[in-house]
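See structure below.
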Protein chains: 2
Amino acid sequence: MHKQEVTIYDVAREAKVSMATVSRVINGNSNVRKETRERVEAVINRLHYQPNAVAQGLASKKTTTVGLIVPELTNLYFAELSKGIDDIALLYKYNIIISSIENRLMKEDEVIQSLLNKQVDGVIYMSNRLPDKVANAFKQTNTPVVLAGTKDNRDEFASVTIDYQKADTEALNLMYNDGKKNLAIVVGDPDTVVNKDNRIPAYRKFLADHDIAEEHIYTKINNYSDGYNLYSQLEKDGVDGVIVTRDVTAVGILNSVMDAGKNIPKDLEIITASATQIASVVRPALTTIKQPLYDMGAVAMRMLTKLMNNEEVDGIHVQLPYELLKKQSTLNQ
Amino acid sequence: MHKQEVTIYDVAREAKVSMATVSRVINGNSNVRKETRERVEAVINRLHYQPNAVAQGLASKKTTTVGLIVPELTNLYFAELSKGIDDIALLYKYNIIISSIENRLMKEDEVIQSLLNKQVDGVIYMSNRLPDKVANAFKQTNTPVVLAGTKDNRDEFASVTIDYQKADTEALNLMYNDGKKNLAIVVGDPDTVVNKDNRIPAYRKFLADHDIAEEHIYTKINNYSDGYNLYSQLEKDGVDGVIVTRDVTAVGILNSVMDAGKNIPKDLEIITASATQIASVVRPALTTIKQPLYDMGAVAMRMLTKLMNNEEVDGIHVQLPYELLKKQSTLNQ
DNA sequence: GTGAAAGCGCTAACAG
DNA sequence: CTGTTAGCGCTTTCAC
């Protein structure tokens, strides 16, 4: 960034108007006579003038920039959400500052603070943990936040999700009706709100409703190899049907089963609870709880635009419909 | 963004120093007496003062923000590059404004212009097309640019790549030595610099060197279903070995082959030229030209930091080593 | 419909 | 080592 070549002042001088008028033209303010507007626009084009967004931000206290907090960049689940967010952001002319928080070099609240210092107008939060420090920083600076694809037990933050309990119950039912009675659930961090208050309770309720005593909850299973290595344990425990939160983990289990010479879905049914492209290109293809990720991102961003403009939003917690997509990893096709 | 609660002025008043001194403390300027520094820091902590990065940006003409241009958000190839970029950006305290250009709502040069208006200090460019308009805008604003995982035929922009010609030649050789003589290459856009000036010439040279007359170049094959649908044509053309630029396309071909009851690698060998996690989790696993994506991103970002600080860089075009990773889609394991 | 003027919050000479 | 003083480029009352 070097000395700006042409500023609003140059345009004003050349067009023989005041900076104020140029500013009005730039911002589409209707209080400008047609001829004046055209004269100014001609100069803008001739000089190739481009407004300095930083100066605009300082003067107007709006940066038309939103922050995106994502746990990991290389996870298609968040990438698909981000795509929905990005499209709507573009539509409303917002830029996106993205921050992943997987890197432990900086603590989460420092990352967020740096975003806040950049004066973002709003934040979309996809991490499954919202520490008090962070929540307070948002409230203190009055920055609107929308959670996308995740929840928080504070009810104060807007969120866009699906009905995780219902979805999981439906998935468990599917396998149960296929004759699988020794069902399990495989999650990463068991303490996230989605897992702790939704998935795991749904699983336990299902067991209770069907008078099944023995529960199989596998936690801290985060990636492909965790999944791959888990299968021997599943086999030992006699599990014959499993819900796996992350699809790449499910693929790990899938490959492990096949390498062991077993059959999917006969020996083990698998349903993944967050399906990306990976779930559909592996063979056998995975039965999935299909979340409308793109739409969830789009709705979240749209809601954020309203929040940033202090517009009315009807309902701060929206749940979008999901689909239980039967593929080859369950019997009942 | 609302009226900022505490500014540098408040800190100055409370600490009984001038704004300049507070500024020095914030920026780690050594010209401050220890006691003064500590007094100021105490006030900063007590008041929870956070500098306004927008104001800093306007005054200093540096935003500590870089722009990231990516063709699509939901492509793991770019996601893995981005991760390398992000880690180094964090290390040097830069924020990242990400812009995908897949959405045709706005033209590419408008997207870039909006980035430039935000006064980014530099740009990492991953799109495989760099229009003149964009190139000129970069030069005019003096914004340094580094291309990551792609090339441009202007030599003026720094780039981080692998040796595509060498890699492809090696891949073709591998298949040739497996007895495959009817080799093909599958690309998306044939007019990108990487394809037009590197991959395709390498392929043609290989054919010439081995006295093979018939060439099979399939273009505009961009995604999974394009790949899936291509196989019937490959079969018709008697192709027995193929390099596919994008791995998800390769998986499309792979599944199509298997659905046709044919065998991989016996009936067809496949090597993908840009491998992400997808290439390794499908079965049979794909033999790949393994690009060091994370490192490429990291090196590109590191180079950009130097360019932004007008530091010396030795060599503006860096090529990183790749690896030909033999898996199950080729015979010669 | 247009202009003058006062900032937005901070940095960076320049003095001292 | 510290303070004074101009800006950075733009928006936004408030007059006229």
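All values below were derived from every heavy atom in this structure, side-chain atoms included, with hydrogens, water molecules and symmetry-related copies excluded. In the text below, chain A, chain B and the rest are named by the order of the sequence lines, each starting its count at 1.
In this structure, the CD atom of Gln119(B) is 19 Å from the P atom of dC10(C), given to the nearest Å. Rounded to a whole Å, the CD atom of Gln56(A) is 17 Å from the C1' atom of dG9(C). As a whole-Å value, the separation of Glu38(A) CD from dG1(C) P is 14 Å. As rounded to whole Å, 18 Å separates atom P of dG9(C) from atom NZ of Lys118(A). Atom CZ in Arg13(B) sits about 13 Å away from atom P in dG9(C), given to the nearest Å. Atom P of nucleotide dC1(D) and atom CZ of Arg37(B) are separated by 10 Å, given to the nearest angstrom. In this structure, Asn29(B) atom CG and dG3(D) atom P are separated by 13 Å, rounded to whole Å.
Checking dC10(C), dT11(D), dA12(C) against the side-chain heavy atoms of Asn52(B) singles out dC10(C) as nearest. When distances are taken from the side chain of Leu58(A) to each of dT2(C), dG9(D), dC1(D), the shortest belongs to dG9(D). Candidate nucleotides dA4(C), dT2(D), dC10(C) were compared by shortest atom distance to the side chain of Thr7(B), and dC10(C) ranks first. Side-chain proximity of Ala20(B) to the nucleotides dC1(D), dA12(C), dT11(C) is greatest for dA12(C).
Residue Ser23(A) places none of its side-chain N or O atoms closer than 4.0 Å to OP1 or OP2 of dT12(D). Considering only side-chain N and O atoms, Arg24(A) lies nowhere under 4.0 angstrom from the phosphate OP1 or OP2 of dT2(C). Contact annotation: Tyr9(A) does not reach the phosphate of dG3(C) (side-chain N/O to OP1 or OP2, under 4.0 Å). For the pair Asn27(A) and dT11(D), the criterion of a side-chain N or O lying under 4.0 Å from OP1 or OP2 is met. For dG9(D), the OP1/OP2 oxygens have a side-chain nitrogen or oxygen of Lys61(B) closer than 4.0 Å. Regarding contacts with the backbone of dG1(C), a side-chain N or O of Asn31(A) is found under 4.0 angstrom from either OP1 or OP2. Applying the 4.0 Å criterion to OP1 and OP2 of dC10(C), one finds that Ser60(B) has every side-chain N and O outside that range.
When heavy atoms are screened at a 4.0 angstrom cut-off, Val17(A) is found touching the sugar-phosphate backbone but no base atom. Counting any heavy atom pair closer than 4.0 Å across all strands shown, Thr21(B) reaches sugar-phosphate atoms only and no base atom.
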Q: Verify side chain to side chain donor-acceptor pair (under 3.5 Å) between Thr65(B) and Lys118(A), making sure each step is shown before the conclusion.
A: CA-CA 9 Å; Thr65(B) 301; Lys118(A) 287 263 155 86; 3.3 Å; yes
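Nearest-nucleotide mapping onto DNA chain C: of Ser30(A) and Met19(A), the residue sitting toward the 5' end is Ser30(A). Both Ser18(B) and Ala55(B) sit near DNA chain D, but only Ser18(B) has its closest nucleotide nearer the 5' end.
Contact check on Arg129(B) versus Glu108(B) returns no salt bridge, with no Lys/Arg side-chain nitrogen under 4.0 Å from an Asp/Glu carboxylate oxygen. For the pair Lys34(A) and Glu38(A), the salt-bridge criterion is met [side-chain N within less than 4.0 Å of a carboxylate O]. Ion pairing of Lys83(A) with Glu72(B) is absent here, as no side-chain N (NZ or NE/NH1/NH2) approaches a carboxylate O to less than 4.0 Å. Under the 4.0 Å criterion applied to side-chain N and carboxylate O atoms, Asp295(B) and Arg302(B) are not assigned as salt-bridge partners.
For Lys196(B), the NZ atom counts as loosely surrounded, since its 6.0 Å shell holds 12 or fewer non-hydrogen atoms of other residues, nucleotides or ligands.
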